[in-house]
Amino acid sequence: MKLATWNVNSLKVRLPHVLQWLTDNPVDVLCLQETKTVDDKFPTAELEAAGYQAVFCGQKTYNGVAILSRHPIADVVKNNPLFEDDHQRVIAATIDGIRVICVYIPNGQAVGSEKFSYKMNWLKALHDWVKSECAQYPQLALLGDYNIAPEDRDVHDPAAWAGQIHVSEPERAAFRDLLALDLKDAFRLFDQPEKLYSWWDYRQMAFRRNMGLRIDHILLSPALAARCTACVIDKLPRKREQPSDHAPVVATLD
DNA sequence: ATGGCGGTGTAACACCGA
């Protein structure tokens, strides 16, 4: 069983990349963020032809999330029931006995800004909802674009980023609050190469220079962490023409 | 310090992402 997450930065533009990646990596479940696609325009047929069912909630221009699956999808929840939100940032479903929660956590723009307050409030509500989901579903995975680099080793230049958005102490504390629900960062269950990131700016040749952040994560409940045998970041799609600025993250379960 | 790049909506640039 393989679970993956990928911020595609427009599914319309990136559909060929997604289909190619699924051909090369026939994972069981792929969570997508930033689809930027309204539900009427979601490419259901193309994904079905590739062997994937999909559930999704999207909007124009911004946000939008989806879960693609090779297996039947049940008990779909769109958005956090504990948080009133115009944005389409959460979708959850049960697949093969696993509660899969796909999240696109707000960017936050700048520490102290209005959007930062929104991000922090959003994270608090996510914590409270995931807590109740964990109580209900022992096998739970929380996957997505967190827009938080949990530790300095997840940052290419910690000194330059110190205190900035994605690495600030309040954001990292919110990430630790999620871990305190007894969730494990799948990537850190294993020895990993140094300086491995999941996002690189389009500018300044950041990818070529590996100026990245690890902000896309897969958190696993104890029952799933015990089944997890690998977690990798696939940099290959970032090297292709017209890539997303994020790389997929994949967790393998027994 | 600022903007760099890229997607979107909309028809020249503004907004947003991270």
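Reminder, nothing fancy here: chain letters follow the sequence lines and each chain counts from 1. Computation of the quantities below employed the complete heavy-atom set of this structure, encompassing side-chain atoms and omitting hydrogens, waters and symmetry-equivalent molecules.
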Contact class for A:Tyr104 (heavy atom, under 4.0 Å): base, sugar-phosphate, or nothing?
sugar-phosphate

State whether A:Arg172 and A:Asp152 are salt-bridged, where the test is any N-O pair (Lys NZ or Arg NE/NH1/NH2 against Asp/Glu carboxylate O) under 4.0 Å.
yes

Verify same cluster id: A:Leu142, A:Phe175 (apolar side-chain graph, 4.5 Å):
yes

Please state whether the phosphate of B:dC5, meaning OP1 or OP2, lies under 4.0 angstrom from any side-chain nitrogen or oxygen of A:Asn9.
no

Could you tell me whether A:Gln242 contacts a base, only the sugar-phosphate backbone, or nothing, with contacts defined as non-hydrogen atoms closer than 4.0 Å?
sugar-phosphate

Quick check: does any side chain N or O of A:Thr5 sit under 3.5 Å from a backbone N or O of A:Leu143, one acting as donor and the other as acceptor?
no

For the side chain of A:Leu213, starting at C-beta, report the closest nucleotide among B:dG9, B:dA18, B:dG17.
B:dA18

Whole-Å C1' distance, B:dA11 and B:dA1
32 Å

Starting at CD of A:Glu34 and ending at P of B:dT8, how long is that distance when rounded to a whole Å?
10 Å

Just N and O in the side chain of A:Arg14: are any of them under 4.0 Å from OP1 or OP2 of B:dG7?
yes

Would one find a side-chain N or O of A:Lys115 under 4.0 angstrom from OP1 or OP2 of B:dG17?
yes

Rounded to whole angstrom units, what separation is found between the CD atom of A:Gln59 and the C1' atom of B:dC16?
12 Å

For A:Lys36 and B:dC16, what is the distance between atoms NZ and P respectively, to the nearest whole Å?
12 Å

Kindly indicate whether the side chain of A:Asn107 and the base of B:dA18 share any N or O donor-acceptor pair separated by less than 3.5 Å?
yes

Which value, in whole Å, describes the distance between the P atoms of nucleotides B:dG4 and B:dC13?
14 Å

Within the structure, does a side-chain N or O atom of A:Gln33 lie under 4.0 Å from either OP1 or OP2 of B:dG17?
no

A:Ser10 side chain N/O closer than 4.0 Å to the phosphate oxygens (OP1, OP2) of B:dT8?
yes

Are OP1 or OP2 of B:dA18 and a side-chain N or O of A:His246 less than 4.0 angstrom apart?
yes

Looking across every strand, which nucleic acid part, if any, lies under 4.0 Å from A:Asp201 by heavy atom: base, sugar-phosphate, or nothing?
nothing

Relative to the 5' end of DNA chain B, which residue comes earlier, A:Arg203 or A:Leu11, by the nucleotide with the nearest heavy atom?
A:Arg203

Can you say whether the rings of A:Trp199 and A:His166 are parallel (under 30°), tilted (30 to 60°) or perpendicular (over 60°)?
tilted

Closest to the A:Gln204 side chain: B:dG9, B:dG3, B:dA18?
B:dG3

Taking the same atom, P, in B:dG6 and in B:dT2, what whole-Å distance lies between them?
23 Å

What's A:Asp145 touching, base or sugar-phosphate or nothing? Going by heavy atoms closer than 4.0 Å.
sugar-phosphate

Reckon A:Asn7 touches a base, only the sugar-phosphate, or nothing at all at heavy-atom distances under 4.0 Å?
sugar-phosphate

Distance-only, no hydrogens or angles: does the A:Asn63 side chain make a donor-acceptor pair with backbone N or O of A:Arg89 under 3.5 Å?
no

Taking the six-membered ring of A:Tyr197 as reference, does the cationic atom of A:Arg214 (NZ for Lys, CZ for Arg) lie under 6.0 Å from its centre and within 45° of its axis?
no

